[in-house]
Structure formats: structure tokens, C-alpha cells
Asker: 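Got a structure for you, questions after.
What you see is a predicted model; the values in this text were computed from it and never measured. Starting from 1, each residue takes its place in the sequence as its number.
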Amino acid sequence: MDQIKIGIFLKELRKEKKLTQEQLAEKLNVSGRTVSRWETGSNMPDIGMLVEMADFFDVSIPEIVSGERKSENMNKETRDTAVAMAEYGRNAVKKGKQKAIGILMSAFGIFIIVSALSIFPSDSSWGSIYSVLGSIFLVAGIYLIIRPVVAKRGLRILTVLGCVCLLFGAFALSDYIAVKQFSQVPRFRYATSYDSRYPDQLVHKTIFFTAVQKNPGTENEKVFIVK
């Protein structure tokens with residue numbers, strides 16, 4: 001492929017249209033410097049741009065690549081192939097970007113969850129709030145990662161729901177261990193109640209169990225699970 005010859009041919013095509021480099025650049029949504037590089041042969045248009053230029057100049061892609069006019073009309077089969085290749089390339093780039101964003105979102109979600117559970121004490125509601133926020137990022141990231149791989153939408157939804165259930169179970173298990181082994185208040189409680197008949201205790205309710213906190217804020221504080 002003679003890039004200098006191609007550049008001269010592109011310059012001739014532009015002049016046939018009576019356009020300056022800047023005017024052509026505007027029509028093709030590129031910079032004037034890019035057009036100049038094409039015409040000097042220092043750079044070549046990508047496959048997607050070749051399709052646009054072939055349509056614009058009313059020539060075939062083989063004519064542009066060879067740097068000379070060979071036929072009157074652009075060969076339909078060649079054009080369709082080039083269009084398909086360009087579309088395939090765009091889709092591949094799009095999928096790659098989606099996967100990269102998904103990985104970043106998942107990593108960010110895990111970072112938020114770990115940070116929330118490490119920084120905030122168990123009796124603070126902020127730990128659970130930030131953990132849920134991190135879970136949203138994590139699940140959204142997983143969806144973006146599997147979207148290019150799993151074709152069926154229903155299967156993608158099931159995978160996401162499975163991840164949600166796993167996270168839900170992990171949080172519940174961490175609460176159970178925190179209460180049983182470390183006598184800590186469950187983070188993911190949905191209600192805390194106080195009974196004036198038992199002024200020395202608070203009752204924390206989670207979806208799976210109820211925990212009682214006796215003598216809160218004292219040296220004799222104790223948290224245990226009740227049936």
C-alpha cells in the first residue's frame with residue numbers, strides 16, 4: 001500500500017469537490033490537521049472513515065486503498081463488508097469500555113464496603129448505609145462485566161439477583177458472627193426498640209434474628225441473640 005499515492009488521490013478527490021482541507025474536515029467531523037496528514041501520506045484513515053469518504057467522494061474503498069480510480073460506483077459487497085467491519089470494531093471498543101468501567105465500579109464498591117465495615121463502629125448506622133451504597137456499585141459493576149459475555153437478558157438478571165442474595169447473606173452472616181463471637185450490635189438491623197420495663201436493655205431486630213443489648217454503654221455491656 002502506497003500511502004503517498006493514496007494521499008495524492010485523496011487530495012485530488014477533495015479538489016474535485018472544490019473544498020479546502022478545513023471544509024472537508026468539518027464535513028467528516030475531523031480536524032484540518034488530520035486531513036493534511038492523510039493527504040501527505042503520514043497517516044491513513046481508519047476503516048470506518050474509509051466508508052464515509054467512499055460515500056462522500058462517490059468512489060470505492062479499493063480505489064482509495066489503491067490510490068487510483070478504477071470504477072464508477074462503489075462495489076456494494078465491498079462496502080457492506082467494510083461497514084460490517086467498522087461496526088464490529090466499534091462494538092468491540094464499546095464492550096471493552098463497558099468491561100473496564102464495570103471492573104472499576106466493582107472495585108470501588110468493594111472498597112466502600114470494606115472501608116465502611118472497618119471505620120464505623122457496629123452501633124453506628126453509617127456502616128450499614130455505606131455498605132449498601134458500596135453493594136449498589138458492586139452489583140452495577142458486575143452487570144457491566146457480564147453484559148458483553150452473557151447474551152440472554154434473563155440470565156443476566158438472574159446473575160445480578162444471585163449476587164444481591166450472596167451479598168445479603170454475607171451481611172446477615174457477618175452480623176450473626178459479630179453478635180455471637182464478639183458481642184457486638186448487629187449493623188444491618190432494621191429496628192431498635194426500648195421497653196421501659198427493661199431500662200437496662202435495647203432490642204435490635206434483623207431479618208433473621210433478634211439481638212438484645214444489655215447494659216449499653218457500660219463495662220458490663222453484653223449483646224446476645226434471643227429466639
Side-chain angles (χ1 to χ4, degrees), residues 1-111 136-164:
M1 184 174 66
D2 190 338
Q3 293 189 189
I4 301 297
K5 185 178 180 182
I6 294 173
I8 295 173
F9 184 56
L10 291 176
K11 185 175 182 180
E12 292 174 354
L13 293 174
R14 174 176 61 80
K15 289 186 174 181
E16 287 179 6
K17 290 284 187 178
K18 297 181 180 179
L19 297 172
T20 64
Q21 289 183 345
E22 287 73 19
Q23 289 172 332
L24 178 61
E26 184 177 351
K27 292 183 180 295
L28 297 178
N29 293 317
V30 296
S31 67
R33 188 177 181 183
T34 298
V35 174
S36 176
R37 287 178 175 176
W38 292 342
E39 293 185 356
T40 57
S42 60
N43 196 9
M44 288 289 101
D46 59 29
I47 185 65
M49 185 56 65
L50 282 178
V51 175
E52 292 187 36
M53 295 176 72
D55 277 338
F56 182 78
F57 291 124
D58 194 24
V59 295
S60 68
I61 291 178
E63 285 177 321
I64 295 178
V65 173
S66 62
E68 57 184 358
R69 199 183 297 273
K70 293 182 179 179
S71 61
E72 293 286 331
N73 301 310
M74 183 180 182
N75 182 276
K76 187 177 184 302
E77 183 178 352
T78 303
R79 181 184 183 281
D80 290 344
T81 301
V83 170
M85 290 173 62
E87 186 65 25
Y88 180 83
R90 284 192 290 266
N91 288 338
V93 171
K94 184 178 179 181
K95 289 179 180 179
K97 288 182 178 179
Q98 281 188 354
K99 185 176 180 180
I101 293 172
I103 292 173
L104 289 175
M105 289 183 67
S106 298
F108 183 60
I110 293 173
F111 172 77
I136 293 173
F137 276 98
L138 176 57
V139 172
I142 291 174
Y143 179 80
L144 289 177
I145 292 172
I146 66 173
R147 187 176 181 182
V149 180
V150 181
K152 293 184 179 180
R153 184 180 180 184
L155 188 57
R156 292 199 301 265
I157 293 175
L158 286 175
T159 303
V160 169
L161 289 176
C163 293
V164 172

Asker: Hey, could you give me the CG/CZ distance between Leu19 and Phe57, rounded to the nearest 0.5 Å?
Answerer: 7.0 Å

Asker: Table please: side-chain donor-acceptor pairs of residues 145-161 below 3.5 Å, with sequence neighbours left out.
Answerer:
| residue | atom | partner | partner atom | Å |
| --- | --- | --- | --- | --- |
| Arg156 | NH1 | Val150 | O | 3.0 |
| Arg156 | NH1 | Ala151 | O | 3.1 |
| Thr159 | OG1 | Leu155 | O | 2.8 |

Asker: Side chain to side chain contact (heavy atoms under 4.5 Å, CB included) for Met49 and Asp46? Distances and angles first, verdict last.
Answerer: CA-CA 5 Å; Met49 185 56 65; Asp46 59 29; 3.2 Å; yes

Asker: Measure the spacing between OH of Tyr143 and SG of Cys163 and express it to the nearest 0.5 Å.
Answerer: 12.5 Å

Asker: Near Lys17 NZ, under 6.0 Å, is it more than 12 heavy atoms from other residues, nucleotides or ligands?
Answerer: yes

Asker: For Phe56 and Leu24, work out which heavy atoms get closest and say how close.
Answerer: CE2-CD1, 3.7 Å

Asker: Which pairs would a plain distance check flag for residues 26-38, meaning a side-chain donor or acceptor within less than 3.5 Å of a matching protein atom at least two apart in sequence or in another chain?
Answerer:
| residue | atom | partner | partner atom | Å |
| --- | --- | --- | --- | --- |
| Ser31 | OG | Thr34 | N | 3.2 |
| Ser31 | OG | Thr34 | OG1 | 2.8 |

Asker: With sequence neighbours left out, which residue pairs that include part of residues 10-33 fulfil the ring pair (Phe, Tyr, Trp, His ring centres under 6.0 Å) condition?
Answerer: none

Asker: Can you give me every donor-acceptor pair (side chain of residues 96-106, partner residue at least two apart or in another chain, under 3.5 Å) with its distance?
Answerer:
| residue | atom | partner | partner atom | Å |
| --- | --- | --- | --- | --- |
| Ser106 | OG | Gly102 | O | 2.9 |
| Ser106 | OG | Ile142 | N | 3.4 |

Asker: May I have the step-by-step check of side chain to side chain contact (heavy atoms under 4.5 Å, CB included) for Arg14 and Lys11, ending in yes or no?
Answerer: CA-CA 5 Å; Arg14 174 176 61 80; Lys11 185 175 182 180; 3.7 Å; yes

Asker: Indicate the atoms forming the closest heavy-atom contact of Ala54 with Ser60, along with that distance.
Answerer: CB-C, 4.3 Å

Asker: List the steps, then state whether side chain to side chain contact (heavy atoms under 4.5 Å, CB included) holds for Glu39 with Ile8.
Answerer: CA-CA 6 Å; Glu39 293 185 356; Ile8 295 173; over 6 Å; no

Asker: Identify the two heavy atoms, one from Ile64 and one from Val59, that lie closest to each other, and give their separation to 0.1 Å.
Answerer: CG1-CG2, 3.7 Å

Asker: Phe137: what forms a ring pair (Phe, Tyr, Trp, His ring centres under 6.0 Å) with it, not counting sequence neighbours?
Answerer: Phe108

Asker: Which atom names give the shortest non-hydrogen contact between Met53 and Pro45, and what distance separates them?
Answerer: SD-CG, 3.7 Å

Asker: Under the side chain to side chain contact (heavy atoms under 4.5 Å, CB included) rule, what do Glu68 and Glu63 come out as? Steps first, then yes or no, please.
Answerer: CA-CA 5 Å; Glu68 57 184 358; Glu63 285 177 321; over 6 Å; no

Asker: What's the spacing between Asp55 CG and Leu50 CG if we round to 0.5 Å?
Answerer: 11.5 Å

Asker: So which pairs with a foot in residues 137-146 pass salt bridge (Lys or Arg N to Asp or Glu O under 4.0 Å), sequence neighbours left out?
Answerer: none

